[in-house]
Every structure is written in C-alpha cells, then in structure tokens.
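Report on the structure given below.
Computed from a predicted model, the values in this text were never measured in an experiment. Protein chains get the first letters and strands the later ones, always in sequence-line order, with residue 1 at the start of each. Note: hydrogens, waters and symmetry copies are ignored here, and every other heavy atom, side chains too, is used.
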Amino acid sequence: MIELLQFEFAKNALIAGTIISILFGFLSFFIVMKKLSFLTVGISHAAFGGVALGILLGLNPYITAIFFCLLTGYLIAIHGEKSEYDSVIGILFAFTMALGVIFLSLKKDYTFDIMSYLFGTILGITKSDLFLLIGLMIGVFIIFYLFFKEIIFITFDKNVAMASGLPVNLFENLIIVILTLVIVLSIKLIGIILVSAFLIIPAAITILFFDNYKKIIFFSMLINLVIFYSGFFLSYKLNLPSGATVVSIGALLYFASALFAGKKN
Amino acid sequence: MIELLQFEFAKNALIAGTIISILFGFLSFFIVMKKLSFLTVGISHAAFGGVALGILLGLNPYITAIFFCLLTGYLIAIHGEKSEYDSVIGILFAFTMALGVIFLSLKKDYTFDIMSYLFGTILGITKSDLFLLIGLMIGVFIIFYLFFKEIIFITFDKNVAMASGLPVNLFENLIIVILTLVIVLSIKLIGIILVSAFLIIPAAITILFFDNYKKIIFFSMLINLVIFYSGFFLSYKLNLPSGATVVSIGALLYFASALFAGKKN
Amino acid sequence: MSLPYIFIEDLEVKYGNKVVLEDIFLKVEKGEIVSIVGPNGGGKTTLLKVILGLKDYSKGTIKVLGKNPKEVDKKEIGYLPQREETAKNFPISVFETVLMGRYPKIGLFRKPGEKDKEIALESLKLVKMDHLKDENINKLSGGQRQRVFIARALAMEPKILILDEPSTGLDIVAQEDFYKILVEIRNKKEMSIIMVSHDIGVVSTFVDKIACLNKTIHYHGKSGTPIPKDVLEKVFGSNIQILVHDPHCKGCHRGEHD
Amino acid sequence: MSLPYIFIEDLEVKYGNKVVLEDIFLKVEKGEIVSIVGPNGGGKTTLLKVILGLKDYSKGTIKVLGKNPKEVDKKEIGYLPQREETAKNFPISVFETVLMGRYPKIGLFRKPGEKDKEIALESLKLVKMDHLKDENINKLSGGQRQRVFIARALAMEPKILILDEPSTGLDIVAQEDFYKILVEIRNKKEMSIIMVSHDIGVVSTFVDKIACLNKTIHYHGKSGTPIPKDVLEKVFGSNIQILVHDPHCKGCHRGEHD
Amino acid sequence: MKKLIIYPLIILFAFGGFAKTKVVTSIFPIADIVSNIVKDKADVKYVIPVNANPHTFEPTPEQAKIIAQADVFIGVSKQFDGWIEKFLKKDAKKYYLQRRPANPHIWLSFIWGNQIISNIKLIFMKLDPKNKKFYTANAIKYSRELSEIHKVYFAKFKSLKTKNVIQYHPAWEYLAKDLKLNIIGTIYTGESKRVSIAHLTSILKIGKKRGADALLCRLNTKDKVIDIYERELKLKRVELDPIGDPKSKDRNSYINLLIYNCEKIYQALNQ
Ligand SMILES: Nc1ncnc2c1ncn2[C@@H]1O[C@H](COP(=O)(O)OP(=O)(O)OP(=O)(O)O)[C@@H](O)[C@H]1O
Ligand SMILES: Nc1ncnc2c1ncn2[C@@H]1O[C@H](COP(=O)(O)OP(=O)(O)OP(=O)(O)O)[C@@H](O)[C@H]1O
Ligand SMILES: [Mg+2]
Ligand SMILES: [Mg+2]
Ligand SMILES: [Zn+2]
C-alpha cells in the first residue's frame, strides 16, 4: 500500500475518498430519511441529456450537463412538494434520457461517446478536482450548519414546521438542489455507482443500529471511511476496479448488518 | 403512416406498443402507489451485472441476466418487507453494477457489445417477441385477476391485511418479482427508457384526475395507448427516434397535467 | 360449556429486554364484551398485538379460539388498530374500504358477492356514513374516517372483534351510537369483543368485564360494580383521587365538582 | 382594550365546490380559552386550518393577531394537528422532539440555548414524560406519543395555541392533568387557546367560551351555562336527547341512566 | 471499463540511457503499430475502452499505475480516448493522431493506417532523434507491408460484382473507401444514437432498390434491428472485429486484424 503512495493518482484518490466519505456520509441520512435514493440515479442519468445538449449546441458538454441537471433537480423539487418524489424522479429520468437521444439524433455528424468524459473514477482525480471537492464540502457544511435545526424539523414534521412559519418549501427545494449539485459534480469525479453507494449505504446501515439522528449522521461518516479504505486496499491487493470494489464491500456490509439486525429483533 | 405498414417491423412495433401500453398501464398504478418507480431503473441496471456474469461464465448472457435480475428483485422484496424499498433498490443498483464491472475485469479478453445485450428498441420487435409479450400479459393478468382484491387490500392497509390473515409478505414479494420479470424481459425488447416511462407516467397522470383506483387503472391503460400512438406517429413524421419521442410526449403530457391539476385546486 | 374464545395464562411480553407485560391472566368467553382500561404505556396495545399474533411473547400460554395466535384462522378475527396506517392518499371510496372488510371471509380467487355488498352497506349505515359511501376516503374528516374503519371492522363479522381505542375522534353522538351498536351486534352475531378504551365511565355501563392493565392486570371484574379505589390507584398512580366514583354517574366525572 | 387575537367575520370556506363553513363569526380575546365542539365533519379542523393559513377561504374576513393568516408571525402560533403526520420511524428522542417546539422562536442561524432546553424539559414534566426523555419516540405507546406532541406545542410558548383534539389517546388521569395544565399556562403566559374537543362535559367546566360548529357556528357562549338543547339538536342532529344535561354532572352522562 | 493488457517486450536499451521510454495507447491496433516502429526501443502498452459505458468507467489500480508510469501517450483523438490524459503524470507527452473531431475509426483503414505509421514515426523521431534512422527504416518497411495487403484486397474486391453494404455503426467508413465498397446506409450514425423509423425505412428502401449484400457489425452484436435488415433485405450480417485481440490466432496484430476483416467482408460478398 505504501509503495502506491508514490503515485499521485493514488494519493489524490485517498484524499478524495476521505473527503467524499465524510461529505456523503453526512448527506446520507437525509437521502435515506427523505427516500431520495432514486435522486442519485435520476440526476446522474439526466447528465446524459445535458451532455447531448452540449454536443448539439456545440457548447462544453460538462457545463451544459451541470445546468441541465440543476434544472432537472429544480423540477423534481417543485413537483415533489405536492406529490411524491419517487414518480417525478422516474418521469424525469426517462424524459432527460429521451431528450438526450433526440438531441443526438438532431446532430447529423458523427457523435462521440463523450460519456467517459463526464463520468469519472476515483483513480482519475486530479489536484484541481480536490480543490473542487473541498470547496463543495465546505459549502455544504456551512449551509447545513446554518440551517441544521430547521432542516431536521422539516424532515421530521413537515406539517407542523409549515404551521410554525418555517419556509418549508424553500428548504426542501434547497436540499434537493444541493444534493443535485453534489451528485452532478461528483459523478464527474468518481462515477455513478460510487456516488449512489456512498450516499445510500452508510445511513442504511447505521439506521439499523442507532436510534438518534445525530449518532446516525456521525457513524455514517465513519462507516463510509471504513468502507472506502478497506475497499480501496482490497482493490489494490486483488487488482480489481477500485470503485466497484468499494461499492461491493459497502453493499456486503449492508446485507450483513441487515441480517444481524434482523436476528437481534 | 399507412405505407409504413408494408414493413413488418412497423406492424410488430405497433402491436407490441399496444400490448405494452395496456400491460404497463395496468401495472403503473401499483408502481406509483407503492413508490416503486426506482425498481424499473434498478432492475434494468442489475441486468448489466447479469450480462457480465454470463460473459464471465461463458453462458448465454441473456439467460443469466434474467436470473440475476430475478434474484435482485427477490432480495429487494425480502428486504423491503422491513425497511423501505427505496434504499434497498439503491444499494442493489450500485452493487449489481459494481459486480458487473468486477466480472468484466476478471474476463480479460473479450469483445462484446454489452450494451446491445441490454437495451432493445421497439423497432426491433420480432414475431417471437410478440408471442413472449402476449404470454407475459396473459400471465400477469391472470395473477392479478385471481388476487386482485388481496393485492388492493395489502397495498391499502398492510397492517390490517396482515392481522386478518392475508399472506402479506408473500403477495408483496410476488408483486415485486412479477414486476421484476416484466421489467427485465421488456428492457431487452423496448429499452430501459420506454419501460420506465410506460410504467410510471400513466398512473402519475391519472392519479391527478381520478380518485378511485379502478378508474385510475383503466385510464392509465388508455392514456398509455394515446401516448404511444401519438408518439409513434410523431416520431415518424419528424424523423426522430421512436422510443424517445414516445417518452417525451408522455413526460410533456404529465407536466401539462400537473400544471393543470395544480391550477384547478 | 365451550372453550373460552381467548385464554391467557401467565403471559410475559418484552420489547428487547424491557418487560412490558407480566403475570397476565385473562379469559374472554364467547359473546362477552371485555374492556381493557389503563394508563398510557400500560401495555394495552401490546396485549392486543400478542392476541393477534403480531407480537411475540416470552413466557406463558395464550390460546385464541383454542389455537396459538399465529395459527388461528385469522378471518375470524377483526381488528381496528389504535393508529390507522393506511397508504397515504390511496384512491378508494368509503364503500370499497368497508367492503374490504369482507375480503378475508370471501377467500382467495373469489369476488365479493351481493351479500358482501349488503353487509358492507349495512355496516356503513350503522356508523351513519352511508350518505358518503361514494366519497373518497381522503376527503373525510378525522372522525368520519374513524367511522369508516369501524364499519370495516364490523363488516368482517368475525368471532372475535379486537378494537384499540375505537371511539377516538368520534363526536359524542357517534360515541353513544357506537357503544350501542357493539352491544347490539354482540347479541345478534354472538361475537366476543375485546376493546381498549380510556372511557372508563361509559364503558363500565355496558361491557361485561373490565380489565385494568398496567404491566399486569390488576382488576378483572364484572361491570356494574365500581372498580375498587385501591386498584385504580395501583393502575393509574396516586393521582387517582380526582376520579370521583359516584354510583349515579359512574366514573364519568373527571373534574372537581363545581 | 386591545385587539382580539383572532377575529373572524362572515367566513366561508369550500373544498372544491362544497361549502363546508359559512357565516362564521368568532372572536378570541387575549388570554381566552375557546373550545370548538361539533359533530364529525362539522368543519372544526377546517376552521383551525384557515386560522393557521394552511387552507384558503372563499369569503369573509379573518384576522389573527391583527393580520391575515398567511402574514402572521407564525412563531407566535403553536399547533397540534388532529392527526400527527411525522416522518415514519424518524430516529429522534422524546426530548429533542419537544425541543423542536423551540426552533421557530430561536430563529434562523442560532442553536437552542440553556433556556430553551429548560423550557422543553419543563413542558415534558407537565405531561409527565420527563422520565422517558431519552427514549426514541417510535418506542412510545400511542398516548405517550400524544403527550410528547402536546409538550412540544406547549414548549412553543406562542401567543395563540391551536389544538385539534389534543386529548386523543390520553388516559383519564392524563386528560385531567392536561386540562389543568392548559388553564395554568393560560394564566401564567397570557396566551389564547383555541381547542377542538368532543369532550363537551369536561371542556365546559373550564374553558371561557364554547363554539358549537356544524358548518356554521350555532352557539357561541360562555362556559358555565349549559348549551341550550335546541342548539345541540341543530348541531348534532336529532339524536341529541341522549345527552343528558345535569347541572351536577354537566354533559358527562352519555348513556341512559341505569 | 478500461481494460489494459501488458504487451510483453524484451527490454534492451532505453532512450537517454536509463529506463526504456514507456508508451501507452488506448487500443491494441495503435499499440501494435507503435511497437512495429519502435521495436525494442520503447515499452508499449495499451488500454482498451472495452465498454465505454458511463456507469462502469473504471480501471483497476494496477492499470491506473501503468498509465501513470507512461512517458508518452499516443491517442486517436481527444474525443475518442482523451480520458486517458487525467491518469497520466504531469510531464508525460501527449499526441493525438487525429486533430479535429471526426469519425475516429481511422485505424480500420489501409490509407489512414499509412498516415498513422508516418505520424508515429515523426513522433519518435522528435522524441529520440538519435534513432531517427531506425524508426524511419522500420516505418517504411511496415508501411510497405500494409500497402501490399491493401493492393491484394483492392484487386480482390474490384472483381466483386456486388459491393453494396450496410454498416451497423460508422466504423467501416474508411475501410469502405479504401476498398471501393458502397455503404448504402449506416444504422447508427454515431455513439449513443438511436434509430428513427424514417431513417430505418429509408435505408430499407435504398437497400431494396439498389440491393444490399452484407451488413457489417462488430463481434457479438445482439441488436434486433439487424434482424429487420436480414429479414427485409435477405442479407446476412458480417461480424467484424474493430479492435483486435492479441490472444486470438487470426486477429493478433494490426495487420492480421485488417486481413481478418477484409477476408470476412470478401467472403460475404463473394457468394
Ligand atoms: N381534503 C378535503 N377535500 C374535500 N373535502 C374535505 C376535505 N377535508 C375535509 N373535507 C370535508 O369537509 C368537512 C369538514 O371537515 P373537517 O375535517 O373540518 O371536520 P371536523 O369538524 O374536524 O370533523 P372531525 O370531528 O371528524 O375531525 C367534512 O365534510 C369533510 O368531508
Ligand atoms: N416498538 C416498541 N419498542 C419498545 N418499546 C415499546 C414499543 N412499543 C411500545 N413500547 C413500550 O411498551 C409499553 C406499552 O406500550 P403499549 O403501546 O402497549 O401501551 P398502551 O397501553 O397501548 O398505551 P396507550 O394508552 O398510550 O396506547 C410502553 O411503555 C411503550 O413505551
Ligand atoms: Mg395503545
Ligand atoms: Mg377534525
Ligand atoms: Zn443507466
């Protein structure tokens, strides 16, 4: 493992993995509690539509993808206010992908598979990516630090929060948009699978063992770190793709925990 | 449009579209009510892991994909009993894809167009596919005909259904497994985008306008047909990809309906 | 004499390591109405869940219709939970909801017949909700909704009806009606009813037996006789002096006299 | 004299085309406790929602603390809904739930201080749930849960407290305590309380005003005097003869005397 | 997923005298061309984007390490395999064979192949001027070999009566030009594209009018759209290999790969 650290990509991957484990572990509680797992997948697929739009218009596909995904996130947010997020995300998943297909078909020239540009892997993290990540983490933590109690109130009891004058819709939309931004920026860095896994698995595990949201959030960050380091190490030892190994370790840990917790009760 | 009918593929596509509109329109109510939209996306991605497994083992990837997805569906079902489906689907989404990546990395030498194994298009439907679809529809309708009232009871009031002796878990798992089978068989035929759209959009629209499940189910089938025919026709006129056009029409209809229904209240 | 419908002996129930019920002895005969009263957290709902086979017990014997709770023919049991947890915004009419009460009786593969529809409609009439039978249940008020779920439990026509705080949210007239309906039904259909209620005063005028439950059953008496004061004290704690037991207006008076 | 805390004039409210409230006139002064009684579906919850600004009205005037319901400073309003709809299985302790009642008062960007924690603990003590303050709320019984939400509403220390059937699920002792607490708090904090209840008997002994609501307000009287029989008939329908109004045991007796 | 196979080369000398220059390319054919020019003067490895699937874009740490160790990267075009750049060390040299965004399948062509050979020659002449002559000689020899084969197949194909083909994917555009084949239709005109009815039927109509003789697709393609053409136009699919496989017998070098594909097309058309 030590020898690996002579390579910058490995150092960067470890630093990025640490930041992402913490940031995503933190957000994980809200994803699981608000049943937003589908958001991770929906937004990452919406990126396809955004890339295709960029190709069609001859703009930078990465930039168009970010805006396209933010717009999708915003639509999900304002529709989800009334109905359930689940079906709105599903519809936008299909719609954005369909738009992507249509945009590409309108571009008459040869179209490249730009997707690999848009979807990253943790081994491909660069220095400047690290700065982006750190900035993202600081931004998210500041917002959650400032509004933590309001966000908890809203997540717990939307109706009463609304009656006591909290701008419930504003906060809910803010959360979705922040999550969207985090997702779309990080698929470029670590890829779809790892994004979903890091955002869902930790809270899904900790919620089985702890019955207080503060503990759940704290241990989610911790467990993400454990999953990441052990997966990364294992992927190196077994020469397997890193992201996929990390995800597999996480998923296996979840199923083991669920079995264990199921037995206990 | 008429001239189109000289081609068998167009005839097949129209017949398949009709069957799928009806079948998926019917199932749509359960997908939306049980918040299972994510299942469509989760299962279709799990197929990737199944195909990769087939390639690794040298078996028919299509067959391994079906079994792999059914296993995934079963895991979702038994885990979802206790917790929410949402996070379990998310975890299995990431896990099955990660396994796919690992399987492929273990198979060092192959040239496979893996995507072509996964995704179909409605224009590629053959006669034998039509028989498969008809068989699937008949099978699903028989099961739902036989257990319709129990399924409604369970969907409406799980606790009391359990107390009055209905095998709630059995039925819930049955529904998930049936949906899984329908999804995995049909992504190969019509592609993932169309599958999600046909399973989510119709009930998401009708639920805005009707307040009885029987009406919702009936009009969901109807609206799927409308979406399909108009999308198919338009795609022909505008020279756009058929599936994507149908999905876009459906999504736009949904957003128009949501706006209209929002104004009304 | 036939077997008791419910027979409980030396029952103990835990959540994790916390014992919430112990030394429970209870018998409910065919045709009897038994009310369980007791303080919040006393274990009333838990006891009902054990009877329904929805919660495991750690010690003792329990027989429902002669069988273990998990093996009982469940269609003979009707249940109204304390806190209804139906799917949010499920699009269904009042009448269809009540008709659902018939489903377990109808059995698999078959559709509700005319008879079932009649019974459902009758149950709706009993709770005075037949005028709203085609309304969507999500458009009802809290009390109207509760009436619909009562009607569904009645439509089940089970041998044992298990009701957890059924009169929650009912207005005074509906409460009055409800208790009358229970007695009427019991007489007509020979069912046993076991019911949790906080309405000691009202309940004691018409049920056959009252069980005071706070972790264990402190008093298991015939109705008509007032519950001994020391039992009430044991069950509800020392605050109980505020409960004035007046033979004329039994247990109804909760405030100091003015 | 200052403005009334709640002032409603000629109010009409509809769901779709269905009028559920009309000709509503109501005034709640500072420091008053007003109880709204009426049959299921009478529009009680709807009226509260209009006051809270959660439901629009189609006609009339309504002023809460001198403002339109949507413009009121909401942190001066405490609310306990009829049917609590919190996120399922949210992992939070009893104490933290009650502390949440302080959040609107604390305002954005700031954390709860010692004072807020004291108030939350005090509220928990009032409803006798302080011994369970670290328990997860999902492990509570129905009545215990209701007490926690009452405590949260109390912890808000608002100018106006709006309670929709607050005593639902409380045991008899807790109900008694609860009504006492309300009076006590009103005296101490000078808040107005508007409360829906089906407990006409108990309520009328301690509230300041009673409003009988069935689509419109039929009687809006001072407590202490019995509600006229013809009003009760209008509000609850013809079945009302079963409500015996006995000056000694006011409104409590719901069954025929035995 | 990117797959990477170490191409064994016997280490003898290196530029500048220390370790040998490490060269990495994205696909096997380019790596094979490079090693035919540099022979033992550099260590050539390649990474195959087996499956440019956005969900599964992922090398193993070992593979990332190999790219990170490379001194020189030779890519097809920025759009095609530019993703490799972010795994490269900072001072690695990057070259692309195709400058402007266009159909990237240049290695599947004799004429382009010669162009690639000369480009690579120039790259190494600049990198390692000492061995200028060595590279030039190798390139000329290799280029000649390629041209010979081109001539053979050009003649063979010239004698064919029917030369109308449909391609599944625009990978065979350049080869068709080399061999004077008529591509009368392309089913998918780019990556991630989907067919429309009008497009599908227009190819069918042309095919019916002019007659199509083969449908070119890559190995193991399972798309039912191909079945439509097989049925409607009574033609057979020809499964070609766009990237080669060093472990196979008949596609184990760049030149063999071209021969394999030409031979397959020829057999299909010569019936
Ligand atoms: N969302 C809704 N859509 C349509 N009608 C509704 C809706 N909510 C309530 N109603 C109707 O409005 C009327 C008043 O309802 P409301 O909930 O205010 O009654 P309530 O007095 O609180 O009754 P309860 O004592 O049962 O709680 C009822 O007839 C009810 O059916
Ligand atoms: N899921 C649970 N996990 C742990 N403890 C529980 C759980 N459910 C209930 N309890 C505890 O068990 C005891 C009995 O609860 P139960 O719900 O049976 O009371 P109850 O008599 O029905 O009260 P109420 O009148 O408030 O409905 C309470 O102390 C409660 O805190
Ligand atoms: Mg209870
Ligand atoms: Mg109400
Ligand atoms: Zn996907």
Side-chain angles (χ1 to χ4, degrees), chain B residues 28-36 80-82 84-86 141-172 174-175 202-220 261 265, chain C residues 48-49 51-55 64 69-97 99-112 116 134-139 148-149 152-153 155-158 160-162 164:
Chain B
S28 179
F29 172 72
F30 299 94
I31 292 272
V32 169
M33 211 61 228
K34 292 178 86 69
K35 303 196 193 80
L36 284 173
E81 274 174 21
K82 282 167 224 157
E84 295 292 332
Y85 288 118
D86 177 70
F141 279 162
I142 286 178
I143 290 176
F144 272 82
Y145 179 77
L146 289 179
F147 302 118
F148 191 66
K149 69 181 195 311
E150 282 77 20
I151 291 171
I152 290 290
F153 198 164
I154 286 166
T155 312
F156 174 59
D157 194 345
K158 193 169 162 169
N159 293 338
V160 171
M162 202 177 282
S164 45
L166 287 183
V168 171
N169 289 337
L170 188 78
F171 276 119
E172 289 215 308
L174 182 73
I175 294 174
I205 292 177
T206 48
I207 232 163
L208 296 169
F209 298 107
F210 301 100
D211 62 2
N212 186 284
Y213 65 96
K214 285 178 186 160
K215 280 187 204 153
I216 288 171
I217 291 173
F218 175 76
F219 283 102
S220 292
N265 294 341
Chain C
L48 297 191
K49 285 195 174 158
I51 294 173
L52 286 158
L54 297 176
K55 166 97 188 106
V64 179
K70 301 230 176 194
E71 288 153 12
V72 175
D73 185 359
K74 290 287 171 59
K75 64 172 182 280
E76 295 304 348
I77 315 254
Y79 175 44
L80 180 73
Q82 178 171 8
R83 189 181 172 203
E84 153 257 312
E85 283 185 49
T86 53
K88 221 178 141 194
N89 294 326
F90 194 94
I92 193 170
S93 74
V94 165
F95 179 70
E96 285 166 315
T97 307
L99 191 58
M100 226 173 243
R102 301 296 306 158
Y103 289 180
K105 272 270 160 76
I106 298 170
L108 292 177
F109 310 124
R110 283 190 295 152
K111 286 185 154 191
D116 299 303
D134 297 318
E135 188 67 275
N136 180 297
I137 55 156
N138 304 304
K139 293 189 175 167
V148 172
F149 288 109
R152 183 178 66 177
M156 288 181 176
E157 297 195 333
I160 302 179
L161 194 54
I162 296 181
D164 201 348

Within-4.5 Å side-chain heavy-atom neighbours: [X] and [Y]:
{"X": "B:V160", "Y": "C:R152", "value": "yes"}
{"X": "C:I137", "Y": "B:F156", "value": "yes"}
{"X": "C:F90", "Y": "B:D157", "value": "no"}
{"X": "C:T86", "Y": "B:K158", "value": "no"}

Taking side chain as everything from C-beta outward and backbone as N, CA, C, O, which of these in [X] sits under 4.5 Å from a heavy atom of chain C? Side chain, backbone, both or neither.
{"X": "B:F147", "result": "side chain"}
{"X": "B:K214", "result": "side chain"}
{"X": "B:L146", "result": "both"}

Among [options], residue most engaged with chain B (heavy-atom pairs, under 4.5 Å):
{"options": "C:I77, C:L52, C:I92", "value": "C:I92"}
{"options": "C:P91, C:S93, C:P81", "value": "C:P91"}
{"options": "C:R110, C:K75, C:M156", "value": "C:R110"}

**Q.** Interatomic spacing from OG in B:S164 to CD in C:E76 - rounded to 0.5 Å
**A.**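 Spacing of OG (B:S164) from CD (C:E76) equals 11.5 Å.
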Q. So, B:F148 versus C:F109, ring centres under 6.0 angstrom or not?
A.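 Centroid separation for B:F148 and C:F109: 6.0 Å or greater.
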Q. Counting only heavy atoms not in C:K74, do more than 12 sit closer than 6.0 Å to its NZ atom?
A. yes
Q) Counting only heavy atoms not in B:K215, do more than 12 fall under 6.0 Å of its NZ? A) no
Q: Examine distances only and state if a side-chain atom of B:K149 and a backbone atom of C:G107 form a donor-acceptor pair shorter than 3.5 Å.
A: yes
Q) Would a distance-only check, ignoring hydrogens and angles, find a side-chain to backbone donor-acceptor pair under 3.5 Å from C:N136 to B:D211? A)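 Here the side-chain-to-backbone pair exists.
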Q. Which answer fits C:I162, side chain, backbone, both or neither, if we ask what part of it has an atom under 4.5 Å from a heavy atom of chain B?
A. neither
Q.
Under a 4.5 Å cutoff for heavy-atom pairs, which residue among B:I207, B:I216, B:I152 has the most contacts with chain C?
A. B:I152
Q: Mind ranking B:F29, B:Y145, B:F210 by heavy-atom pairs under 4.5 Å with chain C and telling me who comes out on top?
A: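 The answer is B:F29.
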Q: Mind listing the closest non-hydrogen atom pair of C:A87 and B:T155 along with its distance?
A: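 Looking at all heavy atoms of both residues, the shortest contact is CB-O, 3.3 Å.
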Q: Give the minimum heavy-atom separation between B:M33 and C:K88, together with the two atoms involved.
A: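 For B:M33 and C:K88, the tightest heavy-atom pair comes out as CE-O, 3.4 Å.
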Q) Is it the case that C:E96 and B:N212 place a side-chain donor and acceptor less than 3.5 Å from each other? A) yes
